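Owing to the predicted nature of the structure, the values given are computational and were not obtained by experimental measurement. Hydrogens, waters and symmetry mates play no part in the numbers below; they use all other heavy atoms, side chains included. Both ligands and their constituent atoms are indexed starting at 1 by order of listing.
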Amino acid sequence: MKFFLDTANIAEIEEAASWGVLAGVTTNPTLYAREGGKLADFHKHLKRICDIVDGPVSGETVCLKRDEIVREGEELAALAPNLVVKVPTMPEGLAATKALADKGIKVNMTLCFTVPQAILAARSGAAYVSPFVGRFDDISEDGIDQLEQVVVALNNYDFGHQVEVIAASIRSANHVTKAALMGADIATVPFGVLEKLVKHPLTDRGLESFLADWEKVKNA
Ligand code: G3P
């Protein structure tokens with residue numbers, strides 16, 4: 001499993017990159033707004049993220065009509081070679097994905113919740129499909145079960161191009177564990193979840209005990 005950060009926060013991206021574990025970033029307008037981002041600076045901000053990250057950076061389109069999505073997607077893709085255009089799962093999005101893929105521009109199809117949506121995304125040419133986990137949990141359904149169905153279904157077929165599953169809307173270490181066990185290619189996680197993945201109370205206790213023993217050795 002590869003780890004992407006689901007953020008628009010530069011400090012978080014730089015920190016995760018310094019750990020050597022950052023394989024990519026996904027962003028969306030909500031995350032950008034959370035950083036106090038201004039529309040006029042959106043492309044500049046994405047370019048800055050692309051320069052930091054050694055891997056794909058998904059930047060979401062905000063248009064709803066296919067021609068507008070394609071135009072915006074082309075603008076985004078021109079920012080950096082590692083920019084992936086994030087497009088919502090909808091008929092206009094499928095049409096735009098086909099057009100962008102035909103131009104050699106990679107698409108991450110987002111807001112994907114079902115197996116048919118994921119297969120349609122892959123058929124239209126998406127290089128990445130992002131099934132959402134947490135938002136199913138939010139409506140008292142099993143997001144992990146839905147993700148597993150998508151992983152199994154996509155593995156049943158050859159789409160003629162590489163399609164990677166990004167487990168998205170990840171809220172916990174348990175989500176990541178389950179996604180890894182089922183073989184999801186990528187998990188995109190908020191920085192807070194990434195921090196939790198590194199930690200375990202037994203690791204902390206072991207470290208405390210090593211340090212206490214080391215003090216004894218030093219003072220012996
Ligand atoms: O990439 C967007 C996705 O991860 C959204 O997550 O927590 O808003 O459902 P969330």
Note: K86, heavy atoms under 4.0 Å from ligand 1, region reported as side chain
Is a donor from one side chain sitting under 3.5 angstrom from an acceptor on the other, for T7 and E12?
yes
Is T110 touching ligand 1 with its side chain, its backbone, both, or neither, if touching means heavy atoms under 4.0 Å apart?
neither
So which heavy atom in the protein is nearest atom 3 (C) of ligand 1, and how far is it from that ligand atom?
D6 OD2, 3.4 Å
When hydrophobic residues are tied together by side-chain contacts of less than 4.5 Å, even through go-betweens, does L79 share a cluster with L31?
no
Show the numbers, then the answer: is there a salt bridge (charged side-chain N to carboxylate O under 4.0 Å, His left out) between D138 and R171?
CA-CA 11 Å; D138 290 345; R171 309 273 174 76; 3.0 Å; yes
Contacting atoms of ligand 1, where contact means under 4.0 angstrom from a heavy atom of N28:
2 (C)
Would you mind checking if K218 and E215 are paired as a salt bridge, meaning a charged N to carboxylate O distance below 4.0 Å?
yes
Is there a continuous path of hydrophobic side-chain contacts, each under 4.5 Å between heavy atoms, that joins V133 to V176?
yes
Is it the case that ligand 1 has an N or O less than 3.5 angstrom from some N or O of R135?
yes
Among all protein non-hydrogen atoms, which one is nearest to atom 6 (O) of ligand 1, and what is the separation to 0.1 Å?
S169 CA, 3.3 Å
Which atoms from ligand 1 have a heavy atom of F132 less than 4.0 Å away?
2 (C), 3 (C), 5 (C)
Give the residue and atom name of whichever protein heavy atom lies nearest to atom 7 (O) of ligand 1, and the separation in Å to one decimal.
R171 NE, 2.9 Å
Which class fits the ring pair W19 and F191: parallel under 30°, tilted 30 to 60°, perpendicular over 60°?
tilted
